Structure formats: structure tokens, C-alpha cells
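In what follows, a single structure is set out as C-alpha cells and then discussed.
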Amino acid sequence: MFGYYMELALRSLRRSRALTALMILAIALGIGACMTTLTVLHVLSGDPLPGRSASLFYPQMDPRDMVGYAADQASPSQEFPRQLTWADGMSLLHSRRADRQALMVGGQVATQTADARMDAFVSSSRYTTADFFPMFETPFRYGRAWTSAEDDNRSRVAVLGSDLNDKLFQGQDSTGRVVRVDGHDLRVIGVLKPWRPVPHFFDLNVGAFSATDDVFIPLSTARDFLLRRAGGIQCWGKGSGDESTLESSECAWLQFWVQLDSPAKMTAYRQYLADYAAEQKAIGRFERPAHTRMLDVMGWLDHEEVVPGDVRLQVWLALAFFLVCLINTVGLMLAKFMRRSGEVGVRRALGASRASVFSQLLTEAGMIGLVGGVAGLLLSWLGLWLVRLQPVSYAALAHLDPMMLCATFAMAIGATVAAGVLPAWRACRITPALQLKSQ
């Protein structure tokens, strides 16, 4: 029966080609605008670590002095510094109260091979601790990550990102080779596969949509060499921000993440964090109220408003435009179906039920939606190509993934069938006798 409905629909669409083209164009324009903006929103607001983000947390506390403090800020909802001091970061790291914990900061270094045949070039770097790799499930192509013991021994080792390994060693297994970083030789012990979590949640200071870091170095080793740091820093009191004295200064410049694999561990760590802040206040190191906060990955991204406001606005405007296109499509379908009242009357008089006529008309609407979806998909690809030409940090991420591809057709067909319900219902309500008498 469905095949028969399809045949009738094709005949009808061919009979009124101009009207059919207008409906397809309306659907295509609406779908193209919607899927372009929805794809960008989907990419920017997605979960960077599906299945794991709910167990990763970003602890915060407030070690600042009372300068600039207002009484109405004395609540758990106050704004905290985005980062931790060296003293607090190391205390939390070495307490090992979480399943895993990683202390880190971003940077930039000059890299080249040990034989110096290649001129040095600037690469993004990450100075971190051993748990970074298993906690964020970084995929390794060659070798391994360094261990906690190598952290403690301040080992001169490095893990390379995929792109940097391609540049320095033509993508070969470079484990055991030497890479020169700001004039210091480090032994490569691992190479990552292409890895780019979006957003760049673990360090928003270097950009929410920045590319993957090129080289990973133990934090203790990076501090020994005073490698260049990137990202924000907040100092107070006697904190000067001098790179050589950051370990002892009153400055927040490190990111700290913990992995807590059960609700009980999460509750216990929150209590530990509160107790730590209370202890620091009791000894006079913290001057402000000892409030703390711990957000998971998605909560942290929401708090930091990672998705640009103009992207959300564009989505709402595109949805409004799509609604206008659907309303126009309803009008065109109503005109098309009502013009076929004589045909509908004859079919009803020959024994066709209202349900069968209704199904046939909705099949016709679905075919319009399918063709409109194909055209809308082409317009979406064009729209995303134009987005990638824009000078914004997330431009290169604007690609249509399989999920959004399926959503394009589901949205086009579903919306068009929904738009055809009223015209099809009106056409089915026609009394066959009146139509036969008028013929």
C-alpha cells in the first residue's frame, strides 16, 4: 500500500511542479539555516569526555586577602579565583584523596630535534602530573605516560602530541629519541594519537576551543627549567607574578582536576576540601570566609559560559526563520490539496477511506520533506563552510557529524509531515457527494 501511495504522490508532485518547487525551497532554506546553527551549537556545547565527565571535578577555594572583599560576597555562591596557588595545588595533589588528581598549567616552548637540523619553532605545551593521561583517557600511539615516581624524581621526559611528532619525526615511533625544548633535552617516552577534546575544558585560560597541546612535560621538570607559562595569573598581597618565584608567591596560576568514581567519594572529597580551607583560615593563611566549590566538567563549562552568546542567539533566529518557512509550506500544501478536492471526492466515492486518503497525502508531504532535506543538507554544508571562513576560535570545528546528518533528515521529514497534517485533514473532510455533483 505504501508503494501505491508513493506512486500517487509522485504523480501529484509532477503535475504541479512550480508549487512543489516552492515547498521544497521553503523547507530547504529553513533546514539549511537551522542545521548550520544547530551544528555549531552542538559542537561547542558537547560533552568533551562522554561517559566520564560526571566523575571529573574542578575544586576551587579562595585564598585571597580582604582587599576588595564585600560582605555580601560571604556566601557559597561568591566568585572564586579560577585557579589555585602552588601551595594549595601541591597540598591537594599530595593528599591523594581522589582516585586520580592532576595539577597543570599551559605554556609555550621552542621545540626542535636534538641534532638541530630543523630550526626551532614555537609549540604549545602542557606542564602536568602523571595522572593527567589516565584521568582524561588520552589515546597513545606509541610508548607510555610518565609515572608518579618520575614526577617526584623530576625526570627529563616528554610526551609528544600527534602533530608535533609528525613535524619532528615524520610520524615515526619517536620513543627513546630526544627532543629539545627551550634548549633543554628531554627524552620522548610516548606519542599521542590525534586528540582534541572540545571544548578544551581542562584549561579554559588558553582558549575554550584551542587545539591540542603539542608537548607534555612533567610539571616539576618544567619548573626546574622555568619554561614559559601561558594562561592567566591572579596575584594579591605580596604576590609579584615573578615567574621564578611562583612557588612561594601569593598568586593563583594552576589548574587542578580530580577523578571521583562514586557519590560517596565525591561527598568525602567535598568535606575534605571544606576542612582544608577551614584549616588554612584557622592558621591565618586564608583571610576570606573558607568557602569552597567543586563542579564537574559540564557544570564547569556552564559556569564559565563557554558557548558564545551570539551562537545561541543565531539558533533562536534560525528556528524562528524555519517556523516561518513551515507556515508558508502549510499554506502552499493547503492550496495544493484543496485544488485536488475533486480527485479526493472520486477516491472516496470509489471506496477509499478517510484514513487511506489522509495517509496518502501525508506520504506526499513526507516526500517533499525528504527532497527538501537533501537540499537543506547541501545548504547546511555551504553554511558550515562559510562559518569555517570566519575569524573565530571555533571556526575549524564547524563540521556536520553523523548524528547531525541524521537529525537533518529527521527534522526535514518530521516537520514537513507535521505541516501537512492540517491540509490533509481539511482535504479529507470534503463531502464526496458535493465534489461529484460539481464535476
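Heavy-atom basis, side chains included; hydrogens, waters and symmetry copies ignored. The structure displayed is predicted, hence computed values, not measured ones.
Atom CZ of R228 is separated from atom CD of E243 by 11.0 Å, given to the nearest 0.5 angstrom. The structure places CG of L93 at 7.5 Å from OG of S95, a figure rounded to the nearest 0.5 Å. Distance check, rounded to the nearest 0.5 Å: CG of L382 to OG1 of T36 gives 8.0 Å.
Heavy-atom minimum distance, R196 versus F209: NH2-O, 2.7 Å. Of all heavy-atom pairs spanning Q112 and D119, the tightest one is NE2-C, 4.3 Å. Closest approach of G89 to L84, counting heavy atoms only: CA-CD1, 4.2 Å. Of all non-hydrogen atoms in P139 and P194, the two that sit nearest each other are CG-O, 4.3 Å.
At least one donor-acceptor pair closer than 3.5 Å links the side chain of T37 to the backbone N or O of C34. Judged purely by atom type and a 3.5 angstrom limit, Q83 uses its side chain to pair as donor or acceptor with the backbone of G232. With D182 contributing its side chain and V109 its backbone, the two residues share no donor-acceptor pair below 3.5 Å. With hydrogens and angles disregarded, no donor-acceptor distance shorter than 3.5 Å links the side chain of T85 to the backbone of W253.
With contacts defined as side-chain heavy-atom distances shorter than 4.5 Å, the pair L103/M90 qualifies. Contact annotation: the side chain of R96 approaches that of S148 to within less than 4.5 Å [non-hydrogen atoms, C-beta and beyond]. Between P199 and L301 there is a side-chain heavy-atom pair separated by less than 4.5 Å. With a 4.5 Å cut-off on side-chain heavy atoms, Q259 and D131 do not count as touching. Annotation: side chain of V306 is not in contact with side chain of L44 (no heavy-atom distance under 4.5 Å).
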Next item on the list: Show your reasoning for whether side-chain contact (heavy atoms from CB on, under 4.5 Å) applies to L273 and R270.
Entry: CA-CA 5 Å; L273 201 63; R270 287 186 190 278; 5.7 Å; no
Next item on the list: List the steps, then state whether side-chain contact (heavy atoms from CB on, under 4.5 Å) holds for H303 with E79.
Entry: CA-CA 10 Å; H303 178 268; E79 282 307 307; 3.5 Å; yes
Check: Between I368 and M333, does a side-chain contact (heavy atoms from CB on, under 4.5 Å) hold up when you go through it step by step?
Finding: CA-CA 10 Å; I368 293 172; M333 281 191 184; 4.0 Å; yes
Notebook entry, point to check: When you look at V191 and F140, which way does the side-chain contact (heavy atoms from CB on, under 4.5 Å) test go after all the steps?
Noted result: CA-CA 6 Å; V191 177; F140 275 81; over 6 Å; no
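Residue S123 is tested with D213, V181, V179, L164 for a side chain to side chain contact (heavy atoms under 4.5 Å, CB included); the sole match is L164. The only option from D151, T221, T128 that meets the side-chain hydrogen bond (donor to acceptor under 3.5 Å, both in side chains) definition with W146 turns out to be D151. When the options Y269, F201, F57, F132 are evaluated for a ring pair (Phe, Tyr, Trp, His ring centres under 6.0 Å) with W257, the one that passes is F201. None of L25, L29, I31 except one satisfies the side chain to side chain contact (heavy atoms under 4.5 Å, CB included) rule with I27; the exception is I31. Of the candidates T175, I189, V157, I189 is the only one forming a side chain to side chain contact (heavy atoms under 4.5 Å, CB included) with R144.
Residue E305 places its CD atom among 12 or fewer non-hydrogen atoms of other residues, nucleotides or ligands, all under 6.0 Å distant. More than 12 heavy atoms of other shown residues, nucleotides or ligands fall within 6.0 angstrom of atom CZ in R141.
Between the side chains of Q60 and R293, at least one donor N or O lies within less than 3.5 Å of an accepting N or O. Inspection of the Q234 and R82 side chains reveals no N or O donor paired with an N or O acceptor under 3.5 Å.
Salt bridge R126/D203: present, at least one basic N to carboxylate O contact under 4.0 Å.
Y58 and F80 have their aromatic ring centers separated by at least 6.0 angstrom.
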